[in-house]
Amino acid sequence: MHQKMTTRRVVQFHQIPQTIINSLNWPQNSPTHLNPQFVAKPPSILATDLIMSYFDKGLLKEARGLFDEMPERDVVAWSSMISGYTSCNHYKRAWTTFYEMMRDGVNVQPNQFTFSSVLKACKGMRSLSCGALTHGLALKHSMHGNLYVDNALMDMYATCCDGMEDAFMVFEEIKVKNAVSWTTLIAGYTHHGDGHGGLRIFKQMILEEAEPNPYSFSIAVRACASIGSHVYGKQIHAAVVKHGFESSIPVMNSILDMYCSCSHLSEADRCFHGMPERNIITWNTLIAGHEKSDPHESLNHYSLMESEGITPNCFTFTSIIAAAANMALLSFGEPVHGKILRRGLGNDLAVANALIDMYAKCGSIVNSFKIFNVMCDKDIVSWTSMMIGYGSHGYGKEAVKLFDQMIHSGIRPDRIVFVAVLHACSHAGLVNEGLRYFKSMLSDYNITPDQDIYGCVVDLLGRAGRAKEAYELIESMPFMPDESVWGAFLGACKAHKLAVLGKLAASKVLDLRPNVAGTYMMLSNIYASDGKWGDAAKMRKLMRRMVNKKEPGRSWTEVRNQIYSFVAGDKLGSHVEWVYEVVDSLVLHMKEVECNLDLHCLVHNLEDGT
DNA sequence: ATAGGGTTAG
């Protein structure tokens with residue numbers, strides 16, 4: 001009865017489905033006419049309340065319909081529309097609504113609420129031009145000095161600009177900064193990849209006795225993770241405990257992530273087990289954190305998560321698909337793919353990208369392309385993953401074709417795409433095409449080659465037997481070549497049995513970094529492939545004496561539905577004989593098909609036990 | 001009646 005009265009009030013503006021009315025937070029249980037506060041509300045306030053409730057539920061059309069039927073729209077109604085669209089990630093609509101407000105709302109003046117919401121929309125659109133325009137309008141409306149507006153301005157400049165200069169300028173002009181101002185600035189530096197800068201601001205914040213809160217701690221920990229500093233991370237972890245913020249899940253999640261990305265996995269596990277409360281991000285962080293170095297453990301965490309009744313989301317699937325890819329475990333990846341489709345998550349960009357990579361690494365390039373082909377939105381990662389897949393399967397021409405299609409579709413290539421296309425050219429023997437891409441990188445796209453790129457080009461030349469040119473390229477590099485470059489070169493020397501050149505290069509890198517055990521290993525292999533077993537043994541001896549041993553590459557294989565992990569020469573454990581059985585049958589198989597592989601070296605490695 | 005910052009994926 002009373003509810004009907006309520007309905008009738010609002011029906012003046014719009015027809016509202018009863019289900020919506022029922023789900024709103026209105027005082028439905030108390031008699032409406034006895035609630036003076038409620039009854040006294042003028043229709044425009046009621047409508048604004050309702051608009052906000054619509055946005056809370058993601059009902060954009062309903063919100064807009066009601067707004068359009070309001071006879072008088074005040075600044076609160078307009079601002080609610082703008083912030084509503086922004087909170088639903090419809091930044092463009094928020095912006096056009098603001099534009100409409102300035103054009104049509106002659107009697108409506110934007111206030112500080114309007115400006116902070118619009119600036120957030122500009123941030124969402126990554127539009128510096130809209131942001132700067134809003135900045136100008138904000139100054140015209142004397143918004144300068146409002147902390148909400150200033151903080152939003154700073155955030156907008158930090159997000160939309162390439163550098164932090166403009167954001168910092170706004171920060172400096174804020175007379176009384178609060179924790180939000182500090183956190184926004186730290187986040188700006190950190191998201192720009194300048195973790196040191198972020199930590200510098202965090203230190204300054206502590207020195208100026210601004211009180212850090214959970215928000216500032218989680219971004220400070222994120223800064224530590226981004227520079228890989230476990231030392232700073234641990235210090236901030238201690239400060240978190242001291243401030244009693246261990247109960248904040250986001251803070252603990254970022255600490256967990258920091259330990260993972262600094263390769264302190266046992267510390268991460270300890271941290272995880274000490275958490276009294278966890279959410280889906282906690283689990284995802286743990287699973288993603290183990291995916292690279294210990295994918296087997298990553299999948300263990302996943303099954304633990306499922307057994308605790310937590311529903312995996314897109315982030316979870318992306319990580320476990322990547323783990324399956326790393327282990328080339330199609331028998332795990334395929335059913336997960338099925339699960340993804342059943343949950344309707346097949347259209348998620350990151351998940352689809354992970355699936356492309358997984359199928360490629362499991363040898364099923366046809367399935368990779370099937371997924372790639374039906375994707376309606378492709379980002380640079382999709383193209384890159386497909387190109388790397390083609391490249392590793394020897395389909396260099398297809399990869400090159402994809403690169404050109406990608407450019408045609410309007411995506412600007414980054415360094416990693418060039419790694420992918422160069423890798424593909426290298427594996428397909430497309431040397432001149434590769435060199436052409438290498439040159440166009442700087443001249444057409446203004447991307448300066450880094451170590452990885454030089455490594456690819458050296459590999460490209462080296463594989464084709466053009467070791468002399470590869471060496472000349474290394475000599476011409478504008479910075480000190482690292483192990484990836486030398487590694488590529490040594491690989492070429494090994495493949496073409498160029499012991500002299502290989503020795504020369506190896507001695508160079510040993511001069512530079514005498515503690516890289518991998519180099520000794522590589523040299524030993526060069527000697528071995530050249531038949532110089534004495535020298536090879538000497539190198540291995542030298543290596544064994546070194547403290548800094550080369551991390552052995554871990555491998556996985558699946559035997560009778562069980563996953564076994566092993567390193568070359570593994571003798572421990574009761575199941576290793578299964579692994580050897582599989583390896584033996586593989587070797588036999590390769591011999592049968594007269595595979596042109598370096599079997600000599602493979603067998604040598606297995607027997608020697610390194 | 002309307003507005004802040006932080007955590008997971010190549």
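Quick note on labels: first sequence line is chain A, next is B, and so on, each numbered from 1. None of the values given here were measured: they were computed from a predicted structure.
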Evaluate whether atom OH of A:Tyr232 has more than 12 neighbouring non-hydrogen atoms of other residues, nucleotides or ligands under 6.0 angstrom away.
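Counting neighbours around OH of A:Tyr232, 12 or fewer heavy atoms of other residues, nucleotides or ligands fall under 6.0 Å, so no.
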
Under 4.0 Å between any heavy atoms, over every strand shown, what does A:Met52 touch: base, sugar-phosphate, or nothing? Just pick one.
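Result for A:Met52 = sugar-phosphate.
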
Give one of base, sugar-phosphate or nothing for A:Ser385, where a contact means two heavy atoms less than 4.0 Å apart.
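Result for A:Ser385 = nothing.
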
With a centroid cutoff of 5.5 Å and a plane-angle limit of 30°, would you call A:Tyr148 stacked on B:dA3?
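Yes, A:Tyr148 stacks on the base of B:dA3, since the ring centres sit under 5.5 Å apart and the planes are within 30°.
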
Using the six-membered base ring of B:dA9, report whether A:Phe315 stacks on it, requiring centroids under 5.5 Å and planes under 30° apart.
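No, A:Phe315 does not stack on the base of B:dA9, since the centre distance and plane angle fail the 5.5 Å and 30° test.
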
Please classify B:dG4 as syn or anti, treating any glycosidic angle within 90° of 0 as syn.
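That one's syn.
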
So does A:Ser218 reach the base of B:dG5 with its side chain, donor to acceptor, closer than 3.5 Å?
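Such a pair does not exist between side chain and base.
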
Could you tell me whether the side chain of A:Ser254 has a donor or acceptor atom within less than 3.5 Å of a complementary atom in the base of B:dG6?
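Checked by distance alone, the answer is no.
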
Between A:Trp78 and A:Phe67 (judged by ring centroids, cut-off 6.0 Å), do the two rings come close enough to count as a pair?
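Yes - the distance between ring centres of A:Trp78 and A:Phe67 falls below the 6.0 Å cut-off.
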
Whole-Å distance between B:dA3 P and A:Asp56 CG?
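Taking CG of A:Asp56 and P of B:dA3, I get 10 Å after rounding.
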
Quick one: does A:His243's side chain have a donor or acceptor within less than 3.5 Å of a partner on A:Ala239's backbone?
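Checked: pair present.
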
Does a side-chain N or O from A:Lys120 land closer than 4.0 Å to OP1 or OP2 of B:dG4, or not?
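Indeed, a polar side-chain atom of A:Lys120 lies that close.
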
